[in-house]
Amino acid sequence: MLKIAGICLVMAGCIGIGWFFSGKALRRIHLLEEWESLLQLLYGEVEYAGNDLPELMHHMMEHSRYSKGFWSRIDRQLRQMDAGRLSHIWQRELNHSEWQILQTEERHILRELGETLGQTDRQTQLHAIRLFQQRLSNVLEKEKETYRGQARVYHVAGITAGCFLVILLL
């Protein structure tokens, strides 16, 4: 009876590890999808609303799920008198550990976006946002394709490792 319980626990643990790594990759995709929709919102805000930067950051925070803390910290720092330029604040916030999940290319796109916002005229910002949207869409499509294969590998590896350990321990 104790062996059966051990076998079940080992299998559940290995399968859980496979699902954990699969979920980590999926979280990154969800974050990129959120940023894709936030860039659409940002485009509309810059083109039609004409809000100042703190209001814009607050509005972005309200529409975020995964990056709410990012927008909140930027909003708070922009409202302080001695906070500095948006690009400096943006770069500092992208160095937080929550962004370590992103790869170099994705972080580079977000860094460039921060350098563009509030630094140029409205038309240049709109054009840059469109370019960032296209680049992020391309990255997102590649990541979705990669994820489909990786998720299967993580799940099968977890099951296989569980079976191997069960056989080894018997």
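Numbers here are sequence positions counted from 1.
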*asked:* Do Leu26 and Ile17 land in one hydrophobic cluster if side-chain heavy atoms of ILVMFWY residues count as linked below 4.5 Å?
replied: no
*Measure the CZ-CD distance between Arg130 and Glu47 for me, rounded to the nearest 0.5 Å.*
7.5 Å
*Which one of Phe70, Phe132, Trp35 satisfies the side-chain contact (heavy atoms from CB on, under 4.5 Å) criterion with Leu110?*
Trp35
*Rounded distance (nearest 0.5 Å) linking atom CD1 of Ile74 with atom CE of Met60*: 10.0 Å
*Donor-acceptor contact present, side-chain Ser72 to main-chain Lys68, <3.5 Å*: no
*Quick one: CD on Glu106 to CG on Leu94, what's the gap to the nearest 0.5 Å?*
12.0 Å
*asked:* For His59 and Leu41: C-alpha separation, side-chain torsions, deciding distance, then whether side chain to side chain contact (heavy atoms under 4.5 Å, CB included) applies.
replied: CA-CA 9 Å; His59 193 67; Leu41 178 66; 4.0 Å; yes
*asked:* Strictly distance-based, threshold 3.5 Å: is any side-chain N or O of Arg135 a donor or acceptor partner for the main-chain N or O of Ile109?
replied: no
For residues 159-170, tabulate all N or O donor-acceptor pairs below 3.5 Å that involve a side-chain atom, not counting sequence neighbours.
{"unit_1": "Thr160", "atom_1": "OG1", "unit_2": "Val156", "atom_2": "O", "d": "2.7"}

*Shortest non-hydrogen contact from Trp71 to Ser64?*
CD1-OG, 3.0 Å
*Please name all residues satisfying salt bridge (charged side-chain N to carboxylate O under 4.0 Å, His left out) with Glu62, sequence neighbours left out, ordered by chain then number.*
none
_Inter-residue atom distance His63.NE2 - Leu42.CG, 0.5 Å rounding_ = 12.0 Å
*Just checking, is any N or O donor in the side chain of Gln123 or His127 under 3.5 Å from an acceptor N or O on the other one?*
no
*When you measure from the side chain of Thr146 to the backbone N and O of Lys142, does any donor-acceptor pair fall under 3.5 Å?*
yes
*Who pairs with Glu115 by salt bridge (charged side-chain N to carboxylate O under 4.0 Å, His left out), at least two apart in sequence or on another chain?*
none
_side chain to side chain contact (heavy atoms under 4.5 Å, CB included) for Gln77 and Glu93? Distances and angles first, verdict last._
CA-CA 10 Å; Gln77 290 179 38; Glu93 291 304 318; 2.7 Å; yes
*asked:* Can you tell me how far apart OG1 (Thr116) and CG (Leu131) are? Round to the nearest 0.5 Å.
replied: 9.0 Å
_Using salt bridge (Lys or Arg N to Asp or Glu O under 4.0 Å), reason through Arg28 and Glu33 one step at a time and then give a plain yes or no._
CA-CA 9 Å; Arg28 191 162 136 257; Glu33 287 174 338; over 6 Å; no
*asked:* Pair Glu141, Glu145 - check side chain to side chain contact (heavy atoms under 4.5 Å, CB included), show working.
replied: CA-CA 6 Å; Glu141 281 304 311; Glu145 282 295 316; 5.5 Å; no
*Are Trp19 and Phe21 in one and the same hydrophobic cluster, where Ile, Leu, Val, Met, Phe, Trp and Tyr link if side-chain heavy atoms are under 4.5 Å apart?*
no
*Around atom CZ of Arg152, are there more than 12 heavy atoms of other residues, nucleotides or ligands at under 6.0 Å?*
no
*Gap between atom CG of Leu140 and atom CD of Gln133 - 0.5 Å precision*: 12.5 Å
_side chain to side chain donor-acceptor pair (under 3.5 Å), that's the test. Do Glu36 and Ser137 meet it? Break it down for me._
CA-CA 7 Å; Glu36 186 177 41; Ser137 290; 2.5 Å; yes
*asked:* For Glu34, is there an ion pair with Arg27 - N to carboxylate O distance below 4.0 angstrom?
replied: no
_Single-linkage hydrophobic cluster, 4.5 Å side-chain cutoff, Leu38 and Tyr43 together_ = yes
*Following the transitive rule for hydrophobic clusters with a side-chain heavy-atom cut-off under 4.5 Å over Ile, Leu, Val, Met, Phe, Trp and Tyr, establish whether Ile29 and Val153 coincide in one cluster.*
no
